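So you know, we letter chains A, B, ... as the sequences are listed, proteins then strands, and number each from 1. Values in this document were obtained by computation on a predicted structure and should not be read as measured data.
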Amino acid sequence: MSEAPTDTAAAEGPARTDGGTVTASDAGGSGTALERLVELSKRESVVVIGSAIALLALPVLLIDVLGFVSTLLFGSTKLAGYEGLSALVLAFAIAVIGFDILLGYTELLSFGHAAFFGVAAYTAGIVSTQVSANPLVMVFIGIVVTAPLAVVIGFLSIRRSGVYFAVLTLTFGQMLYFYALGPGAWLTGGANGLTDLQADPLFGFALSDTLQDIYFDMTGSLLLDVPFARLSVEYLLLAAFTLAAIWLAYRIINSPYGLILSAIGENEQRVDFVGLDVFRYKLMAFVISAMFAGAGGALFAVHERIAGIYPGTLYWITSGDFVIMAVLGGTGSIAGPFLGALVFEYISNVVSSLSFVLFTGPLKGIFGEFTLNFGSIWRLVLGGVFVLVVAKFPDGIRGAISSAVEAADGRLTGSGGGGSAADSEVDVDPDPEPETDGGATERPASRDEETGGERR
Amino acid sequence: MTLLQTEGLTKRFGGLVAVDHVDLGIERGETRAIIGPNGAGKSTCINLITGLLEPTEGTVTFDSEDITHLEPYETVQRGMAKSFQTASIFPSMTVEENVKIAAFAAEHGSFQLNFLRDREKFPAVNAVVDEMLGAVQLSDSRDLEVGSLPYGDKRRLEIAIALAAEPELLLMDEPTAGMSPEETQSTVDLVEDLQEELGLTIVLVEHDMEIIFRVADRITVLNRGSVIAEGSPDEVQGDPQVQEAYLGGVEL
Ligand SMILES: Nc1ncnc2c1ncn2[C@@H]1O[C@H](COP(=O)(O)OP(=O)(O)OP(=O)(O)O)[C@@H](O)[C@H]1O
Ligand SMILES: [Mg+2]
């Protein structure tokens, strides 16, 4: 096996196993410091604990960190998020994490997930006035109601694929939207929305209470004014559900189920031909993703309990927003949908409220004062961000971040300084023995590929 | 004992009769070659048996059960597996994952709700994967991404996936198509091993007469959708109709 194909660029370094070209990520368990870190970040305990920390840090990032940066740049905190934004991000993140099980893994593009988000939101709202205003009951019933709805819509849509599936789901979503707007107004309040939602305290604490308030009530003294003290009970409720959603998604993705769903996404016919019931797997993926959307919708209702629930939650644009969030963040992962929801909601809520006074100073004398208002054009801003990110990084923001990290790591190790570089040199090599069988093939891997199947 | 029986199996595509009243009886343990010129209906015939296509007329019986109207996943669950004419695999997954999917299907049936358990923690499945990768000599490539494999390895992976379904009957549609002579040789060796070690019943569509003479017990000759001859390799080779339709062509 001495002759190694040298035509491919990848054939440098340790890539001398026979036949197949070895990609950098194949280097087994050990590797560079970065690879070890990536390996570590796939562990369940690391994912859960890391997510918990990130969830607690999110409001601090949105309000304090961005506020600080904004003050440096503009002298005001206009780029900072606000208290409610973090909760809003989480409600959508839960929905999109589930949506991505369908889009990123099973490769089914649903254009109707607003149906589940909206129905759960309305259900939670109605439950709060008619059944129980316990937020947990609201959310629980909201989720449960989406399951049978998803079975019906999924059953009728999944037999079709591609565009037909997308349009069918879109149609069902729109049917529910128009129902909520017109005939169902007795239930939903129609265009006036479902208002006067109730929400009881959770375990004795009002949803709007912050940790600071609770501490004060109990001890009569104030906590230090640290950012964490500002976290509200509502936010903690949403964070707990988000953590549960992340954990569940992690479990699903790493179960046999996750493997089979990815396989369906890649080659549906082959999955059929190994003896698996593709339809039922797709239907289950659809129902699971709908229940995530339901959880997001019900929590959205809890968050919007004062403003109310409007038919827009069922509208196709909401479905489209899920698609945008998933693709913007990066499909086929858990972090991607989360990042997508974060950036989307940030642009739609913070950037939209921005205004800049142009032409200050001497220019003002020439052009007069002109204020650039982002309000109604936030979708344009979003679209620009979307195009820039997705055109360059098919894996969205997540892909952009990981290639930035890789580039930084490459520069670090490349410059040959520090222990991590030394590590990588020792560790990359340890599978030096090329396989000895691997078929009698002695040819470069890039040979005839798929087209070679035809007889010659 | 007959494992697979088709009776009057017919498939029309519009006006074209691709498969025309084919009666095929495959005995348990035999290796049957199906040959015929291009467009004779060989692949269509296989597709009718596996349930990918719905027959226009006729029946398919497997292990004394009528499977004419079953879906592919159901026929696979009953014990038949197919390797495709062009490698049908999961290109962005690893070799191991490719086989594992089939192993899950064999161990757990066509659908199961185990979506919270780590997929590494199924010893029976892992055992099947190890065995099949060993059988097709791909154990050392198990962590490679399949899209980057040489063509011959892809085809053998294809066979491993079919085997991981733990079939009684293996249908192979031109398993050596597009392979180099060495790859062909190792694939034929593999088929012989399967016959001996697993006692598999094999239906093989193949153009290469040398291979057919080495591995086939009986040959069925299709031409324009109909069976024009059937028998041992020697009988078939001597048949004047076959000479006319097939062996007389440029193929040999
Ligand atoms: N889905 C289809 N729709 C219409 N015609 C088809 C279809 N599939 C096959 N045919 C036709 O049926 C006939 C038999 O095709 P088939 O693929 O079964 O031949 P084959 O014996 O496998 O040939 P080859 O040796 O080229 O693989 C051909 O004339 C083909 O064009
Ligand atoms: Mg064919």
Side-chain angles (χ1 to χ4, degrees), chain A residues 8 10 17-23 25-28 44 248 251-263 265-267 269-281 284 288 433-456, chain B residues 38 50 52 71-74 76-77 81-82 84-93 97 100-102 104-106 108-120 122 125 137-138 140-141 143-145 148-153 156 161-162 164-165 174 177-178 180 182-183 185-186 207:
Chain A
T8 45
T17 48
D18 79 326
T21 33
V22 176
T23 54
S25 59
D26 291 327
E44 182 171 4
L248 259 175
R251 277 295 179 112
I252 292 169
I253 290 163
N254 288 288
S255 73
Y257 213 76
L259 185 67
I260 292 166
L261 294 185
S262 306
E266 270 194 46
N267 187 346
Q269 189 185 66
R270 209 356 160 177
V271 177
D272 196 5
F273 269 95
V274 301
L276 294 168
D277 188 343
V278 171
F279 178 79
R280 282 176 74 184
Y281 275 99
M284 267 309 290
I288 288 172
E433 288 309 312
E435 292 89 307
T436 44
D437 50 58
T441 133
E442 309 272 20
R443 273 163 296 115
S446 54
R447 204 178 56 104
D448 42 12
E449 295 296 342
E450 315 295 344
T451 55
E454 298 314 313
R455 303 184 66 247
R456 284 162 296 185
Chain B
N38 288 110
T50 57
L52 183 64
E71 296 289 319
Y73 78 87
E74 295 169 311
V76 174
Q77 286 292 347
K82 174 191 168 184
F84 283 72
Q85 186 165 353
T86 47
S88 178
I89 50 183
F90 307 108
S92 74
M93 296 187 174
E97 285 170 333
K100 199 171 243 183
I101 291 160
F104 273 119
H108 295 166
S110 65
F111 183 79
Q112 210 180 51
L113 269 179
N114 47 9
F115 60 85
L116 293 180
R117 201 155 135 213
D118 189 338
R119 63 172 166 258
E120 303 305 322
F122 292 89
V125 168
Q137 296 170 0
L138 282 174
D140 294 331
S141 313
D143 293 324
L144 294 184
E145 198 176 281
S148 68
L149 290 181
Y151 186 72
D153 285 3
R156 283 185 314 167
I161 295 172
E174 305 201 31
S180 68
E182 306 90 70
E183 286 168 342
Q185 189 57 44
S186 75
H207 283 277

Winner by heavy-atom pair count (cut-off under 4.5 Å) against chain B, out of [options]:
| options | result |
| --- | --- |
| A/Val274, A/Val278, A/Ile288, A/Ile253 | A/Val274 |
| A/Gln269, A/Arg270, A/Arg251, A/Met284 | A/Arg270 |
| A/Val271, A/Leu248, A/Asp272 | A/Asp272 |

Can you say whether B/Ala81 sits under 4.5 Å from chain A via the side chain, the backbone, both, or neither, judging by heavy atoms?
-> neither
For the candidates [options], which exhibits the highest count of non-hydrogen atom pairs separated by less than 4.5 Å from chain A?
| options | answer |
| --- | --- |
| B/Asp118, B/Leu113, B/Leu52 | B/Leu52 |
| B/Gln185, B/Glu74, B/His108, B/Gln112 | B/Gln112 |
| B/Ile161, B/Val125, B/Ile101 | B/Ile101 |
| B/Ala165, B/Ala106, B/Ser92 | B/Ser92 |

Identify the two heavy atoms, one from [X] and one from [Y], that lie closest to each other, and give their separation to 0.1 Å.
| X | Y | value |
| --- | --- | --- |
| B/Phe111 | A/Arg280 | CD2-NH2, 3.4 Å |
| A/Leu259 | B/Met93 | O-CE, 3.8 Å |
| B/Phe122 | A/Pro256 | CE1-CG, 3.4 Å |

Can the positive tip of B/Lys100 be found less than 6.0 Å from the middle of the six-membered ring of B/Phe104, inside 45° of the ring normal?
-> no
Is a side-chain N or O of B/Gln77 found less than 3.5 angstrom from the main chain of B/Ala105, in a donor-acceptor match?
-> yes
Would the A/Phe279 and B/Tyr73 ring centres measure less than 6.0 Å apart?
-> no
